[in-house]
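In what follows, a single structure is set out as C-alpha cells and then discussed.
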Amino acid sequence: MEPTHEMAELLRARQEKLEALRKLGVEPYPYSFPRTHFAADVIRRFEELEASKEVLALAGRIMTIRVMGKAAFAHIQDSSGRIQIYVKLDLVGERGFEIFKHLDLGDIIGVKGPAFRTRTGEISIHADEFQLLSKSMRPLPVVKEKDGQVFDAFSDKEARYRQRYLDLVVNPEVRRVFETRARILTVMRQFLDEWGFLEVETPILQPLYGGAAAEPFVTHHNTLERDLYLRIADELYLKRLIVGGYDRVYEIGKDFRNEGMDRFHNPEFTQLELYAAYEDYTFCMAFVEGVMARIATELTGSTKLTYQGKEYDLAPPWPRYRFFDLLNEAVGTDLRALSDDELNREVKAAGLKLEIGEVGRGKMLDKLFGARVEPKLAGPCFVLDYPKELSPLAKGHRSDPGLVERFEGFLAGREFCNSFSELNDPADQRARFEDQGKLRAAGDREAQPLDEDFLMALEIGMPPTAGLGMGIDRLTMFYTDQHSIRDVLLFPQMR
RNA sequence: GAGAAUGUAGCUCAGCCGGUAGAGCAACGGACUUUUAAUCCGUGGGUCGCGGGUUCGAUCCCCGCCAUUCUCACCA
C-alpha cells in the first residue's frame with residue numbers, strides 16, 4: 001500500500017535523525033549493553049540505591065520525552081515497568097545533549113547513573129551517560145496517562161491483534177495477561193511433575209486423525225505424496241504410550257480444528273492431555289480440583305477467582321451432577337425412555353434443529369444439554385456419566401450400560417475439560433469405531449475414522465486408564481478475566 | 001451462517017440538512033537546566049475502507065464488496 005504523505009513525512013523525519021546521528025558518530029544498532037537493574041528493582045529498592053549512590057545501568061524503550069532547552073526528562077520502559085530518566089546538558093555534554101535531541105519515542109536506549117528523587121518526588125535515574133541501542137524508524141501509538149487515567153489508549157482491536165508487538169509495548173496489562181498464561185503453565189507442569197507425570201511430544205502431522213469429534217485441517221506431504229492431517233487431539237497417541245508401559249504421561253500442545261471462530265474458539269488452540277494407568281475418571285476429578293485450586297492459589301493467594309464480574313471458589317470438592325439428572329430435570333421428562341422420534345420432538349420443542357451432518361441420538365441429547373443445561377452451570381462443577389453414543393473412546397459405565405464413565409468440568413457456564421475412564425477393551429473399541437463409521441456414512445462429518453493401528457495397540461493390551469483433556473486457553477481466560485480467547489492468544493487467527 | 005454496529009491524519013476521535021474535512025496527541029521549526037497528559041509561539045500533514053450508482057455536486061443518500069467489533073447459531 002502506498003504510504004500517505006503524512007506517513008512518508010513521519011518516516012522521513014526518523015530517517016533524517018538516523019542519518020544525523022550517524023554524522024555525530026553514533027552507531028544506531030550496537031551489539032549489547034550490560035545492564036545491572038530493571039526499572040522495578042530501582043523503584044522497589046530505592047532508599048538503599050539512593051543512599052549508596054551506586055551507578056545503575058538500565059535499558060529500555062523511550063515512552064515519553066519532555067525536552068526543556070538544556071535538560072530533559074523521559075520515561076524508559078523495560079520488561080519490569082517504567083522509570084523516569086533525567087538528562088541534562090551539564091552532565092552529558094554538548095554532543096550528548098545534541099544526540100539526545102535526535103531521539104524519538106520508541107527508541108531503545110541504555111542509561112547509566114545514580115537513582116534520585118525529583119523535586120516532585122518521582123524516583124528517577126540521573127543520567128551520567130546514555131547510549132542509543134536501537135533506533136525506532138516508525139511512530140508508536142502515543143498513549144498518555146495522568147493519575148492512572150489513560151488518554152488516547154491504543155484500543156483498536158484489529159490493530160492490536162494484528163500488530164501485537166505494538167499492543168504489548170503500549171498496553172502493559174496485555175503483557176501481564178501473557179505473563180500469567182506462562183505462570184499457569186509453569187504451575188501446571190509443577191503439579192503434573194508432583195503427580196508423577198512424564199511430559200511427552202506426539203505427532204502434530206498425522207496420517208489419520210482422531211480422539212475428538214471435529215473436522216481436521218488437511219495438508220500435503222510432497223515427498224510422501226500423501227495428505228496428512230493436523231491433529232485434532234493427542235489422545236490416540238498418548239494411549240499408545242500407556243500401552244507401551246508409561247504409567248502417567250501428558251502433553252501440552254496445539255490442536256487444530258477446522259471450525260467456526262468466536263470468542264471461545266480459535267482454529268488452533270492449546271490443550272493439556274494426560275493419561276494415568278490403573279486409574280479411572282474419579283482420579284481425573286481429583287486432579288482437576290487440585291490443579292485448578294493450586295493455580296488460583298499461586299496466582300491470587302486464594303482459591304477464588306473473579307470472571308466477568310462473578311466470583312467462583314475453586315476449593316475442592318466440586319459438586320458432581322449426573323448428565324441425565326440435569327437434563328431430565330431441565331426438560332421435564334425422562335429422556336432415556338423416549339424413542340428417537342420422540343427425542344427429536346423434544347429437540348424441536350426446545351426451538352433447536354439439527355444441522356445437516358448432525359445425526360444420531362447422541363447429537364440430539366448433546367444439543368439439548370447445551371441449550372437447556374450448560375448456561376445454568378455456574379460452576380465449578382462436574383457433569384458426569386454421559387450417553388454412550390457421544391463418547392466412542394470412553395469405557396462403559398460400571399453400573400449403567402447405556403452410559404460411559406465420563407465427566408466434563410464447568411466454570412462460568414463453560415466447559416473447560418473433558419475426561420473419561422478410557423475404553424481398553426479392543427473389541428468394544430472396534431464396535432464403537434464401526435458405529436462412528438455408520439454416523440459418518442449418514443453424514444456426520446465429525447464422526448471419527450477407524451484407526452487400525454490404535455486398535456492393534458489396544459489388542460496388545462492397555463491397563464485400565466484415566467484420561468483428561470483441558471483447554472489451556474479457556475483456563476487462561478478464567479484466570480486473567482478476559483472476555484475473548486483472542487485476548488489470551490498472542491497472535492489470534494485473523495481473516 | 002444470521003443480525004446489528006463500525007471503518008475519516010501515525011494514535012484517539014469530531015464532522016449539521018449533500019456544497020470535496022476538523023480537534024487533541026504525535027511530527028517539524030523556535031523558546032525553556034527538576035518536568036511529568038510539561039508549557040508557550042509557529043508550520044506541515046487526508047484517495048474520508050474499496051468499487052459502482054443517484055446528483056450540478058457524495059465523508060454524508062442507495063447498491064455491492066472487503067475488514068473489524070458485538071450478539072446469536074455452529075463448535076461434545
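Chain naming here is simple, since letters A, B, ... match the order of the sequence lines and numbering starts at 1 in each.
- Here the side chain of A/Gln448 is nearest to one of B/G46, B/A76, B/A37, namely B/A76.
- Contacts of residues 480-495 of chain A with RNA chain B (heavy atom under 4.0 Å): A/His483, A/Arg486, A/Met494, A/Arg495.
- OP1 and OP2 of B/U35 both lie 4.0 Å or more from every side-chain N or O belonging to A/Arg66.
- For A/Arg263, there are no salt bridge (charged side-chain N to carboxylate O under 4.0 Å, His left out) partners two or more places apart in sequence or in a different chain.
- Taking for each of A/Glu122 and A/Glu259 the nucleotide of RNA chain B with the nearest heavy atom, the 5'-most of the two is the partner of A/Glu122.
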Between the protein and nucleotides 30-32 of chain B, which nitrogen or oxygen pairs are less than 3.5 angstrom apart?
from  : atom 1 : to      : atom 2 : distance (Å)
B/C32 : N3     : A/Gly69 : N      : 3.2
B/C32 : N4     : A/Gly69 : N      : 3.2

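- In this structure the side chain of A/Leu403 never reaches within 4.5 angstrom of the side chain of A/Arg322, judged on heavy atoms.
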What are the atom names and distances for every N/O pair under 3.5 Å that joins the protein to nucleotides 26-29 of chain B?
from  : atom 1 : to       : atom 2 : distance (Å)
B/A26 : OP1    : A/Lys144 : NZ     : 3.1
B/C28 : OP1    : A/Lys17  : NZ     : 2.7

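- No donor-acceptor pair closer than 3.5 Å links the side chain of A/Glu235 to the backbone N or O of A/Ala212.
- At least one side-chain nitrogen or oxygen of A/Lys146 sits closer than 4.0 Å to the OP1 or OP2 atom of B/A37.
- Applying the salt bridge (charged side-chain N to carboxylate O under 4.0 Å, His left out) test to A/Glu215 and every residue at least two apart in sequence or in another chain returns A/Arg445.
- For residues 486-495 of chain A, the side chain to side chain donor-acceptor pair (under 3.5 Å) pairs, not counting sequence neighbours, are A/Tyr161-A/Asp487.
- As rounded to whole Å, 14 Å separates atom P of B/A76 from atom CD of A/Glu273.
- Within the nucleic acid shown, A/Phe116 comes within 4.0 Å of at least one base atom, counting heavy atoms only.
- Checking the phosphate oxygens (OP1, OP2) of B/G44, no side-chain nitrogen or oxygen of A/His5 falls inside 4.0 Å.
- Screening residues 54-69 of chain A for side chain to side chain donor-acceptor pair (under 3.5 Å), with sequence neighbours left out, gives A/Thr64-A/Arg66, A/Thr64-A/His75, A/Arg66-A/Gln84.
- Considering only residues two or more places apart in sequence or on other chains, A/Tyr229 meets the ring pair (Phe, Tyr, Trp, His ring centres under 6.0 Å) condition with A/Tyr209.
- The ring pair (Phe, Tyr, Trp, His ring centres under 6.0 Å) test with A/Phe407 singles out one residue from A/Phe287, A/Phe283, A/Phe382, A/Phe416, and that residue is A/Phe382.
- Within residues 159-168 of chain A, the residues that have a heavy atom under 4.0 Å from RNA chain B are, in order of number, A/Tyr161, A/Arg162.
- Evaluation of the salt bridge (charged side-chain N to carboxylate O under 4.0 Å, His left out) rule for A/Arg414 yields no partner, not counting sequence neighbours.
- Closest contact between the side chain of A/Asp156 and the listed nucleotides B/A76, B/U12, B/G45 involves B/U12.
- No contact: A/Thr64 has no heavy atom under 4.0 Å from any strand.
- The salt bridge (charged side-chain N to carboxylate O under 4.0 Å, His left out) test applied to A/Glu273 returns no partner, not counting sequence neighbours.
- Base engagement by A/Phe151 is indicated by at least one non-hydrogen atom pair under 4.0 Å involving a base atom.
- Using a 4.0 Å heavy-atom distance criterion, A/Asp262 is classed as a base contact.
- One atom, CG of A/Leu91, and another, P of B/U34, lie 13 Å apart when rounded to the nearest Å.
- Every residue meeting the ring pair (Phe, Tyr, Trp, His ring centres under 6.0 Å) condition with A/Phe369, not counting sequence neighbours, appears here in chain and number order: A/Phe323.
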